[in-house]
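Some notes on the structure that comes next.
None of the values given here were measured: they were computed from a predicted structure. Every chain is numbered from 1 and lettered A, B, ... according to where its sequence line falls, protein lines coming before strand lines.
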Amino acid sequence: MRRRAVLCSGCCAVLAGCERPCSPRNRLRAMKGACSAPAKLEGMKIATWNINSIRARENRVEDWLDEHDVDVLALQETKTKDETFPFDLFEFMGYEVAHFGLNQWNGVAIASRVGLEDVQRGFDNQPHFGKPGEPEVLEARAIGATCGGVRVWSLYVPNGRGLTDPHMDYKLHWMEALRQNVHNELAANPQSQLALVGDWNVAPEDADVWDIDYFLRNEMTHVSEPERCAFAALLEEGMVDVVRPHTPGEYTYWDYQAGRFTKDEGMRIDFQLFSPALAARVERAWIDKVERAGEGASDHTPVVVEIAD
DNA sequence: ATGCCCTTAAGATAAGGA
């Protein structure tokens, strides 16, 4: 893969030959002479973030992109239709962006400054869902695009709602259909550069929730055997959780209620699953707990992976 | 006792989240 010059925040306006656009805030920093770091060479940085409404958090997204300089950002729960998605925010910051949103529920997006090709809304044979008596629809829970040679999917796995709720059947079928896609892809192309990232709504291990007894006692979702089996089936196909080894014991979500964040009573439910060939390129991964502490934060926090060329 | 919070559409409450 070609190597790409990556400049630190603020360089773009003052260094000749920089092809990377950057935000007005960075230009201001550069004008003030705040930036003196030299250009360097790196690979690619992929982030996933359940934003819990993009319109309510446009400023947080802008600040976060400004600070963390990711190449690809997958968003879930944008909670808006395409007509009201803030495309200009991303384009202003130098990202191409594709969004799939139908209404105030769900909604997924991929922003990229390393190319955004072959956008697909929904995966092949993605199960539909509808309330009883209403037609079933393809919900806005998956969008795929090829970014810098990586096939990225931003995924928002159905919640399940309750262990015996029809939504749980939907969740399990949804994950099984996804697994079938992975199976087909890896069988056809073992060297596939595939990244399935997003909010999986499953806590695969007991340690991925603050109190497993609390979850079991209250017959809560996310920790049940069927959900864990559906998640494990992705790993059995060869997909690799590339974040866990770098962030043992960390959470990605804290409920707004009951002071969960203050007490660090969270859950690990946001994951980046990479195909074997892509997983081999991972150099670093981290969970940005600082973002969750900010005023007006999403209840989920960004999960970032850095890969080598 | 997930009652406790947050976002949406709508224009008061209800749905959804996990």
- Message: Taking the nucleotide of DNA chain B with the nearest heavy atom to each, does A:His222 or A:Ala56 sit closer to the 5' end?
- Response: A:Ala56
- Message: With a 4.0 Å cutoff (strictly under), does any side-chain N or O of A:Tyr156 reach OP1 or OP2 of B:dA18?
- Response: yes
- Message: With rounding to the closest Å, how many angstrom separate the P atoms on B:dA12 and B:dT2?
- Response: 31 Å
- For B:dG16 versus B:dA10, give the span between their C1' atoms, rounded off to a whole number of Å. 16 Å
- Just call it for A:Asp165: base, sugar-phosphate, or nothing, with non-hydrogen atoms closer than 4.0 Å on any strand. nothing
- Query: Quick one: A:Glu134 CD to B:dA15 C1', roughly how many Å, whole number?
  - Reply: 12 Å
- Task: Measure from the side chain of A:Lys79, starting at C-beta and using heavy atoms only, and say which of B:dT2, B:dT7, B:dA18 lies closest.
- Result: B:dT7
- Item | Rounded distance in Å between the C1' positions of B:dC5 and B:dA18 | 12 Å
- Look at all strands and tell whether A:Lys81 reaches a base, only sugar-phosphate, or nothing, counting heavy atoms closer than 4.0 Å. nothing
- Can you tell me if the side-chain N/O atoms of A:Lys263 get under 4.0 Å from OP1 or OP2 in B:dC4? no
- Whole angstrom is fine here: how far is it from CH2 in A:Trp210 over to P in B:dT2? 9 Å
- Message: Counting neighbours of CD on A:Glu219 that are heavy atoms of other residues, nucleotides or ligands and sit closer than 6.0 Å, is the number greater than 12?
- Response: no
- What is the distance, rounded to the nearest whole Å, between atom CG of A:Asn103 and atom P of B:dG16? 11 Å
- On a whole-Å scale, what distance lies between the P atoms belonging to B:dA14 and B:dC4? 14 Å
- Message: Rounding to an integer number of Å, can you tell me how far A:Glu219 CD sits from B:dA1 P?
- Response: 13 Å
- Task: Report yes if the side chains of A:Met175 and A:Val202 come closer than 4.5 Å at any heavy-atom pair, otherwise no.
- Result: yes
- Give the nucleotide from the list B:dG17, B:dA18, B:dT2 with an atom nearest to the side chain of A:Met267. B:dA18
- Message: For a salt bridge (charged side-chain N to carboxylate O under 4.0 Å, His left out) check, start with the C-alpha distance between A:Arg228 and A:Asp208, then their side-chain angles and the critical distance, and finish with the verdict.
- Response: CA-CA 12 Å; A:Arg228 286 179 168 178; A:Asp208 294 336; over 6 Å; no
- Query: Taking the side chain of A:Arg55 as heavy atoms from C-beta outward, which of B:dT7, B:dA15, B:dA9 is closest to it?
  - Reply: B:dA9
- Message: Within the supplied structure, the quantity of interest is the number of heavy atoms (other residues, nucleotides, ligands) at a distance under 6.0 Å from A:Asn125 CG; does it exceed 12?
- Response: no
- Message: Could you tell me how far B:dG3 sits from B:dG17 if I compare only their P atoms? Round to whole Å.
- Response: 15 Å
- Short side-chain N/O contact to B:dA18 OP1/OP2 from A:Asn201, under 4.0 Å: yes
- Item | Sugar-phosphate only, base, or nothing, as touched by A:Gln257 at under 4.0 Å among non-hydrogen atoms | base
- Would you say a side-chain N or O of A:Thr221 is under 4.0 Å from OP1 or OP2 of B:dA18? no
- Item | Gap between atoms CH2 and P, on A:Trp105 and B:dA18 respectively (whole Å) | 12 Å
- Task: Can you tell me the distance, in whole Å, between the CD atom of A:Glu139 and the C1' atom of B:dT8?
- Result: 15 Å
- Task: Calculate the interatomic distance between A:Arg260 atom CZ and B:dA1 atom P; express it in whole Å.
- Result: 13 Å
- Task: With A:Arg260 as the cation and A:Tyr214 as the aromatic partner, state whether NZ or CZ is under 6.0 Å from the six-membered ring centre and within 45° of the axis.
- Result: yes
- Message: With a 4.0 Å cutoff (strictly under), does any side-chain N or O of A:Asn159 reach OP1 or OP2 of B:dA18?
- Response: yes
- Query: Can the positive tip of A:Arg268 be found less than 6.0 Å from the middle of the six-membered ring of A:Tyr253, inside 45° of the ring normal?
  - Reply: no
- Query: Does A:His300 make a side-chain N or O approach to OP1 or OP2 of B:dA18 shorter than 4.0 Å?
  - Reply: yes
- Message: Check the phosphate of B:dT7 against A:Arg57, side-chain N and O only, distance under 4.0 Å to OP1 or OP2. Yes or no?
- Response: yes
- Message: Considering every strand and a 4.0 Å limit on heavy-atom distances, what is the contact class for A:Arg141: base, sugar-phosphate, or nothing?
- Response: sugar-phosphate
- Message: Side chain of A:Ala258 only, heavy atoms from C-beta on: which candidate in B:dA18, B:dC4, B:dT8 is closest?
- Response: B:dC4
- Query: How many Å lie between CG on A:Asp299 and P on B:dT2, as a whole number?
  - Reply: 17 Å
- Is there a donor-acceptor pair under 3.5 Å between the side chain of A:Thr84 and the backbone N or O of A:Lys81? yes
- Closest nucleotide among B:dA18, B:dG16, B:dC5 to the A:Tyr256 side chain: B:dC5
- Of A:Ala297 and A:Asp255, the one whose closest nucleotide on DNA chain B sits nearer the 5' end is A:Asp255
